[in-house]
Amino acid sequence: MRLLTHNMLSSNIKGVANDFRLRIDIEKVVEKQIEWKALIDASRSMGYTKLPDEADPSMLDSDDFLQKFHHALLELHLEEGALVCPETGRKFPVNKRIPNMLLHEDEVPIWLIREVRLVKHRDCRWNFRCSATSFEEKIMLLRIKSGKTNIHLQVSLKLSLFISIAFKSTCRHHSSSETEIESERITKIINDHPFPDHPLHLTLCHQIPPVVLSPTFVENVLGRLFATHSNGLKAFEFFKYSLLHSQFCPSSDAFEKTLHILTRMCYFDKAWELMEEIRRSHLSLLTLKSMSIMLSRIARFQSYEDTLEAFERMEKKIFAGKKFGTDEFNILLRAFCTQRQMKEARSVFNQLHSQFSPNAKTMNILLLGFKESGDVTAVELFYHEMVRRGFKPNNVTYNIRIDAYCKKGCFGDGLRLFEEMKQINCSPTLETITTLIHGAGVARNTTKAKELFNEICMRNLLPDIGAYNALMSSLIRSRDMKSAASFIIASIR
DNA sequence: TTAGGGTTAG
């Protein structure tokens, strides 16, 4: 199975539009019995204005990639918040924007260019509208792959612009699941509530019967509150309400979301209060992840000393006196590293390494921190220190160093480390090769990028979305549109 | 927020 994302497609089309002015081969379209007029008419009816009136010979080109692109008949239906392909019945959920789509074998791939919005008409119907500004960007290409027939090159299929959408006036914007509808309703109530002028829990008591308070529902509401940047104190109130009234044990996800919401808005007192409460009532929810959320935010918004104090407070008070070891030490270091506070990370390491025996992961966390700060010299210096201290570099160590070079445009150095890796029997991973493909792109070396992509399969690894995106972006960066187009065709076969 | 890679959009 091959995977392809909307992003890959859209970046490719953007490149096509820029470089080729999206030469639409009218003659070929007619020759292949594709209903060009239908496409134009449908586009006009959608309000597109910059449409060519007639075939412009200068737009013709012998390149056949459009022929390969323009495959399908599209008449999608919008039902209950989902796009439905009439041929296969497969549904694609629709939110404010159609999410990135993955293309699977035997499923309907949807290629979208730029942003697509659902627009509500005055008569309560829904329709699609592209937000892009030029015709090139407004065309959306869709392809239906029938289970039995390979239609890649069978361009005699009817082409019509898919935008003729059937709709239901009753359709909902989001998923049809009852939990989602209910959580959306409760989120709105919470967001509109005048808390803290009036108590929120009374409203929640009125609006949410305890039986509705499933872990999924609670996570759903908190997720929405998180996404809408709602008042953190309201989210906290809601979570406390769920702790009191739900017949289920709260999920770690709900707890972590609440912690995220509170710390993001710097409500650290409330966050500690929440941790204390969970320590008393649901100790098992206190995990390294929740500790990491808290420490990262404190490192970001408070002082170095505050962060160290918080770490101590975690050990002595929150985590029930558990003796902290390497894992917890790594979390502390990572908190500084992710905030790019490498002086602080270094200082903590020097200060505490004798107390918490560091491991290879510890060293890689620091190495990564130096890399993210964009300091290749610091990466190499720390790498040598790591070796001097007796740590054996592993795949991750090499991947970080290779990425540091590639991001700086030193592709040759990246390749050198790649060779070194192989020589010492440290097997390159999918991440190693993806990094190098990206590095080849930065160095505008598409030949090497393609070679590296092929090496993935030669090493019995399976390319994933990251690897595809890396090659696609490398090709686009070098304006190698032909390779980009054939890469797409090859990917979906 | 996960010791490592890619993309976009908000």
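Bear in mind the structure is a predicted one, so any value in this text is a computation, not a measurement. Letters go in sequence order (proteins before strands), and every chain restarts at 1. Note: hydrogens, waters and symmetry copies are ignored here, and every other heavy atom, side chains too, is used.
OP1 or OP2 of dG6(B) has not a single side-chain nitrogen or oxygen of S473(A) nearer than 4.0 Å. OP1 or OP2 of dG6(B) has at least one side-chain nitrogen or oxygen of K407(A) nearer than 4.0 Å. Contact between the side-chain N/O atoms of H438(A) and the OP1/OP2 oxygens of dG6(B) is found at a separation under 4.0 Å.
Within 4.0 Å (heavy atoms only), N394(A) reaches at least one base atom of the nucleic acid. Within 4.0 Å of L430(A), counting heavy atoms only, lies at least one base atom of the nucleic acid. Using a 4.0 Å heavy-atom cutoff across all strands shown, T434(A) reaches at least one base atom of the nucleic acid. Using a 4.0 Å heavy-atom distance criterion, T432(A) is classed as making no nucleic acid contact.
A tilted orientation is assigned to the rings of F268(A) and F301(A), their planes being inclined by 30° to 60°. Using cut-offs of 30° and 60° on the angle between ring planes, the pair F336(A) and Y304(A) is tilted. Ring geometry, F382(A) versus F370(A): the interplanar angle falls from 30° to 60°, so the pair is classed tilted.
The CG atom of L471(A) sits 13 Å away from the C1' atom of dT7(B) (whole-angstrom rounding). Taking atom CD1 of I331(A) as the reference point, atom P of dA3(B) lies 7 Å away to the nearest angstrom. Here dG6(B) presents its P atom at 14 Å from CG of L452(A), a figure rounded to the nearest Å. For the pair L366(A) CG and dG4(B) P, the computed distance is 13 Å after rounding to whole Å. Atoms CZ (F487(A)) and P (dG6(B)) sit 15 Å apart, rounded to a whole Å. dG4(B) atom C1' lies 16 Å from atom CZ of F382(A), rounded to whole Å. Taking atom CD1 of residue I476(A) and atom P of nucleotide dT8(B), one finds them 10 Å apart after rounding to whole Å. Look at CG on L461(A): it is 18 Å from P on dG4(B), rounded to the nearest Å.
The base of dG6(B) lies outside donor-acceptor range of the side chain of D464(A), with no N or O pair under 3.5 Å.
Of the listed nucleotides (dG4(B), dG6(B), dG5(B)), dG6(B) has the atom at the smallest distance from the side chain of N469(A). The side chain of V396(A) has dA3(B) as its nearest neighbour among dA3(B), dG6(B), dT7(B).
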### Task
Would you sort out whether T432(A) and N395(A) count as a side chain to side chain donor-acceptor pair (under 3.5 Å), showing the intermediate values?
CA-CA 8 Å; T432(A) 321; N395(A) 298 333; over 6 Å; no

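Ion pairing between a basic and an acidic side chain is recognised when a charged N comes within 4.0 Å of a carboxylate O; K234(A) and E237(A) show no such pairing.
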